[in-house]
Amino acid sequence: MPELPEVETIVRGLNSMVKGLTVQRLPHVSPHLLKREPQLRQLTGDTFKLFERRGKYIIAHLKSGKRLMIHLRMSGCILVGEDQRRRDKHDHLEIVFRARRRRLVFRDVRKFGVIQFVRDGQQETLNRLGVEAPAITASQLQALVCQSKRPVKSLLLDQYVIAGLGNIYVDESLYRSGIHPLQAASSLSANEIRALARAIRQIMASAIKNLGTTFDSFLGVNGETGRFARYLKVYHQDGSRCGECGDIIARIKVGGRGTHFCPTCQKEHRRS
DNA sequence: ATTCTCACCTGTTAGC
DNA sequence: TGCTAACAGGTGAGAA
């Protein structure tokens, strides 16, 4: 499940492998992508000028002035290669470039991924996204948590509050800062807010450096796996022992999502 | 207004 | 052994 570090890894790969290339043809565009973006074939003849990331969105700037927005959701991945790979049943978009026999494939087992041109509605979504997770400061986080009684985990997952965090990195950030996922956001102490902001920045930086986390399916554009999985302390570690205290990592549901934490290191408390 | 729940989708896994 | 049912999860629409 690509979160910010995985998307950042892909964007860097695209800037190194696809930037400057012109689309020659689209040998394959799946109906379900066309349903979301009927104009997708307009990519033909256009040139990718630059790729950037906002939260978990990939934004491709085209020579025509159009911008293409890609969200990988659960299982989307982008693969770039030279060879004539045979088409996988989960490939939904195939782009062949004019130069260098290069081709790009968008593969998405669960079909949640979205590719569409940026129009007013999409621009509005981008505008509303919260502060970029790798850059969040304690004072920014303070201003965000004090307004909400939601469980801190739910708040951190809200892309319009903080952009880029998903289930893996939220669980890891809360563990590193010793905060219980169900703790009400507005009840966090000043120390906890400082620790949480620092944990988010550190974990984002480390995960980006390690090319993301491959838990089951994430791949970079070259097909390489992320290396951050080896540093996971709680995510999908339920039943194992906490590296700090030896207690058993627990798993609960928060906002409908699997949530992993150490019952000893992350205690819920009444107020700040 | 804010927050929660569910649908979307399909490969994997648990359970009978 | 073989099958079915539950599960995973990011987001947005609709409900509470």
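Predicted model only: the values in this text are computed from it and were never measured. Labels below follow one simple rule: chain letters A, B, ... track the order of the sequence lines, proteins then strands, and each chain is numbered from 1.
Side-chain proximity of A:Thr125 to C:dG9, C:dG12, B:dC4: nearest is C:dG12. Minimum atom distance to the side chain of A:Arg110 is reached by B:dT10, of the listed C:dG10, B:dT10, C:dG12. Set against B:dT3, C:dG9, B:dT10, the side chain of A:Arg251 has C:dG9 as its closest nucleotide.
Between A:Met74 atom CE and C:dG9 atom P the separation is 7 Å, expressed in whole Å. Nucleotide C:dG9 holds its P atom 17 Å from the CG atom of A:Leu72, rounded to whole Å. Rounded to whole angstrom, the span from the NE2 atom of A:His90 across to the P atom of B:dC9 amounts to 13 Å. A:Arg257 places its CZ atom 11 Å from the P atom of B:dT5, with the value rounded to the nearest Å. Rounded to whole Å, the distance from OH on A:Tyr235 to C1' on C:dG10 is 12 Å. Distance A:Ile58 CD1 to C:dT11 P: 13 Å, rounded to the nearest Å. The nearest whole Å value for the distance from the CG atom in A:Asp108 to the P atom in B:dT10 is 10 Å. Rounded to whole Å, atom P of C:dG10 lies 10 Å from atom CG of A:Asp171.
For A:Gln183 and A:Ser187, the side-chain atoms include at least one donor-acceptor pair closer than 3.5 Å. Checking A:Asp108 against A:His92 by side-chain atom types alone, no donor-acceptor pair falls below 3.5 Å.
In terms of phosphate contacts, A:Gln159 brings a side-chain nitrogen or oxygen within less than 4.0 Å of OP1 or OP2 of C:dT11. Considering only side-chain N and O atoms, A:Ser75 lies nowhere under 4.0 angstrom from the phosphate OP1 or OP2 of B:dT10. Neither OP1 nor OP2 of C:dG9 sits under 4.0 Å from any side-chain N or O of A:Lys56. Phosphate proximity of B:dA1 to A:Arg150: absent, as no side-chain N or O sits under 4.0 Å from OP1 or OP2. An OP1 or OP2 oxygen of B:dT10 is reached within less than 4.0 angstrom by a side-chain nitrogen or oxygen of A:Lys111. For C:dA8, one of the phosphate oxygens OP1 or OP2 lies less than 4.0 angstrom from a side-chain nitrogen or oxygen of A:Lys253. Between A:Tyr160 and C:dT11 there is no side-chain polar atom (N or O) within less than 4.0 angstrom of OP1 or OP2.
Using a 4.0 Å heavy-atom cutoff across all strands shown, A:Gly256 reaches no nucleic acid atom at all. Residue contacts shown for A:His236 are limited to sugar-phosphate atoms, with no base heavy atom under 4.0 Å away. Counting non-hydrogen atoms under 4.0 angstrom, A:Ser154 reaches nothing in the nucleic acid.
Both stacking criteria are satisfied for A:Phe112 over the base of B:dC8: a centre-to-centre distance under 5.5 angstrom and an angle between ring planes under 30 degrees.
Ring-centre distance between A:Phe228 and A:Tyr169: below the 6.0 Å cut-off.
For the side-chain contact (heavy atoms from CB on, under 4.5 Å) with A:Pro2, the qualifying choice from A:Thr9, A:Val7, A:Ile78, A:Thr213 is A:Val7, the only one to do so.
Toward the 5′ end of DNA chain B lies the nearest nucleotide of A:Arg73, the other residue of the pair A:Arg73 and A:Lys89 mapping further downstream.
At most 12 heavy atoms of other shown residues, nucleotides or ligands fall within 6.0 angstrom of atom CG in A:Asp120.
Looking only at side-chain heavy atoms (C-beta outward), A:Phe48 and A:Leu43 come within less than 4.5 Å of each other.
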